[in-house]
K.L.:
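Could you have a look at this structure, given as structure tokens, before my questions?
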Amino acid sequence: MGGGQGGMMGGGQGGMMGGGQGGMMGQGSQMDMKSMCDLHEKMKNATPQDRSAMMNQYMKNMTPEMRQRHFEMMEQQCK
């Protein structure tokens, strides 16, 4: 769970929970796994318009590739 590019909990670019550019929850609100899984479920069940709005809100700094990697990771984590 180290830092560095793409690190799930670390700082650095692409860190999902950390500060730094591309951090999904980098707005100062640390989310636990349950909250993230709940959000993931909402996104999966949302209409395409709602899903797009949610992605723009929570993943606005992520590239499409990072979003796809994140989605796949959440699929694994939230079973």
K.L.:
Return the CG to NZ distance between Leu39 and Lys44, rounded to the nearest 0.5 Å.
P.N.:
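The distance works out to 12.0 Å.
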K.L.:
side-chain contact (heavy atoms from CB on, under 4.5 Å) between Met43 and Phe71: does it pass, once the steps are laid out?
P.N.:
CA-CA 10 Å; Met43 287 178 94; Phe71 185 84; 5.7 Å; no
K.L.:
Quiz question: by atom type and distance under 3.5 Å, do the side chains of Glu72 and Gln76 form a donor-acceptor pair?
P.N.:
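There is no such pair between these side chains.
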K.L.:
Roughly how far, to the nearest 0.5 Å, is the CE atom of Met73 from the CD atom of Gln77?
P.N.:
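Spacing of CD (Gln77) from CE (Met73) equals 6.0 Å.
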K.L.:
Can you tell me how far the CZ atom of Arg67 sits from the CE atom of Met59, to the nearest 0.5 Å?
P.N.:
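If I round to the nearest 0.5 Å, the distance is 7.0 Å.
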K.L.:
Give a yes-or-no answer on whether the side chains of Glu75 and His40 include a donor-acceptor pair shorter than 3.5 Å.
P.N.:
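Note: Glu75 and His40 side chains meet the donor-acceptor criterion.
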K.L.:
Should Lys79 and Met74 be marked as a side-chain contact (heavy atoms from CB on, under 4.5 Å) after you check the CA-CA gap, both sets of side-chain angles, and the distance that decides it?
P.N.:
CA-CA 9 Å; Lys79 289 186 175 178; Met74 292 308 292; over 6 Å; no
K.L.:
Give a yes or no answer on whether the side chain of Asn45 reaches the backbone of Glu41 with a donor-acceptor pair at less than 3.5 Å.
P.N.:
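Judged by distance alone, yes, a pair lies under 3.5 Å.
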K.L.:
How far does CE of Met36 sit from NZ of Lys34, to the nearest 0.5 angstrom?
P.N.:
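Answer rounded to 0.5 Å: 13.0 Å.
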K.L.:
Working to the nearest 0.5 Å, report the span between SG of Cys37 and NZ of Lys42.
P.N.:
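If I round to the nearest 0.5 Å, the distance is 12.5 Å.
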K.L.:
Without hydrogens or angle criteria, can the side chains of Asp38 and Ser35 be said to hold a donor-acceptor pair below 3.5 Å?
P.N.:
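Result is no, nothing qualifies.
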K.L.:
Once rounded to the nearest 0.5 Å, what's the spacing between atom OG1 of Thr47 and atom CE of Met54?
P.N.:
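Thr47 OG1 to Met54 CE: 9.5 Å, rounded to 0.5 Å.
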